[in-house]
Amino acid sequence: QVQLVESGGGLVQAGDSLRLSCTASARTLNSYAVGWFRPAPGKEREFVSAITSAITKTYYGDSVKGRFTISRDNAKNTVFLQMNMLKPEDTAVYYCASHLNGYIGYATSYNYWGQGTQVTVSS
């Protein structure tokens with residue numbers, strides 16, 4: 001069993017930045033792809049971003065391209081999501097997920113999930 005813990009959420013104004021973190025207790029994230037998702041109308045969970053493990057490749061949803069950056073620090077066993085130029089429509093609970101088994105952009109492809117961290121962007 002892998003327990004993922006997200007942190008870094010908060011209340012900010014439009015145009016501000018936040019950095020979310022995802023870490024795993026008792027297990028290393030370093031060998032696994034990690035994705036970030038958020039709820040969206042008409043979708044169970046909208047793909048935000050993901051990063052692979054060995055050959056570090058990054059992926060982004062269309063709504064966050066150019067504003068969000070995903071990275072990982074293997075020494076800290078942590079994956080980060082840097083969110084810049086935040087918009088009110090970015091308001092959501094952000095979840096990280098690991099242990100990919102399928103397409104990297106599908107929430108159903110991940111086996112383990114954190115509890116989420118709330119991001120609220122005021123206009």
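When reading the values below, keep in mind they use all heavy atoms of this one structure, side chains included, and skip hydrogens, waters and symmetry mates.
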Could you give the distance from OG1 (T58) to CZ (F68), rounded to the nearest 0.5 Å? 14.0 Å
Can you tell me how far CG of L4 sits from CH2 of W113, rounded to the nearest 0.5 angstrom? 9.5 Å
Please list, chain by chain and in numerical order, all residues satisfying ring pair (Phe, Tyr, Trp, His ring centres under 6.0 Å) with Y95, sequence neighbours excluded. none
When you look at T91 and E89, which way does the side chain to side chain donor-acceptor pair (under 3.5 Å) test go after all the steps? CA-CA 5 Å; T91 295; E89 51 263 45; over 6 Å; no
Out of curiosity, S25 OG to N77 CG, how far, rounded to the nearest 0.5 Å? 9.5 Å
Using modelled atom types and a 3.5 Å cut-off, is there a donor and acceptor pairing between side-chain atoms of D16 and backbone atoms of L86? no
Whether Q82 side chain and T69 backbone form a donor-acceptor pair below 3.5 Å: no
Looking at Y106, is its backbone amide N or carbonyl O close enough to the side chain of T108 to form a donor-acceptor pair, meaning the two atoms are under 3.5 Å apart? no
Of all heavy-atom pairs between A14 and S123, which one has the smallest distance, and what is that distance? CB-CA, 4.4 Å
Would you tabulate the side-chain donor-acceptor contacts of residues 29-40 under 3.5 Å, counting partners in other chains and residues two or more places apart, or write 'none'?
from : atom 1 : to  : atom 2 : distance (Å)
N30  : ND2    : T28 : OG1    : 3.2
N30  : ND2    : N74 : O      : 3.2
R38  : NE     : E46 : OE1    : 2.9
R38  : NH1    : D90 : OD1    : 3.0
R38  : NH1    : Y94 : OH     : 2.7
R38  : NH2    : S63 : OG     : 3.2

Using the rule that Ile, Leu, Val, Met, Phe, Trp and Tyr join whenever any side-chain heavy atoms are under 4.5 Å apart, tell me whether V2 and L100 fall into a single cluster. no
Taking V79 as the starting point, is it possible to reach F47 by hopping between hydrophobic residues whose side chains are less than 4.5 Å apart? no
Okay, side chain of E6, backbone of S21: is any donor-acceptor separation there less than 3.5 Å? no
Enclosure of Q115 CD (heavy-atom neighbours >12, cutoff 6.0 Å): no
Do L18 and L81 share a hydrophobic cluster, counting only Ile, Leu, Val, Met, Phe, Trp and Tyr and linking them when any side-chain heavy atoms are less than 4.5 Å apart? yes
Check for a donor-acceptor pair, side chain of S49 on one end and backbone N or O of I70 on the other, with a separation under 3.5 Å. no
Tell me if a side-chain donor or acceptor on Y110 pairs with a main-chain N or O of I104 at a distance below 3.5 Å. yes
Check against side chain to side chain donor-acceptor pair (under 3.5 Å), N84 and S17: CA-CA 4 Å; N84 297 330; S17 299; 2.9 Å; yes
Same apolar cluster (I L V M F W Y, side chains within < 4.5 Å links), V48/Y112: yes
Connected via hydrophobic side-chain network under 4.5 Å: L20 and V121: yes
Can you tell me if T52 uses its side chain to pair, donor with acceptor, with the backbone of K57 under 3.5 Å? yes
If hydrophobic residues (ILVMFWY) are linked whenever their side-chain heavy atoms come closer than 4.5 Å, directly or via other members, who joins V5 in its cluster? none
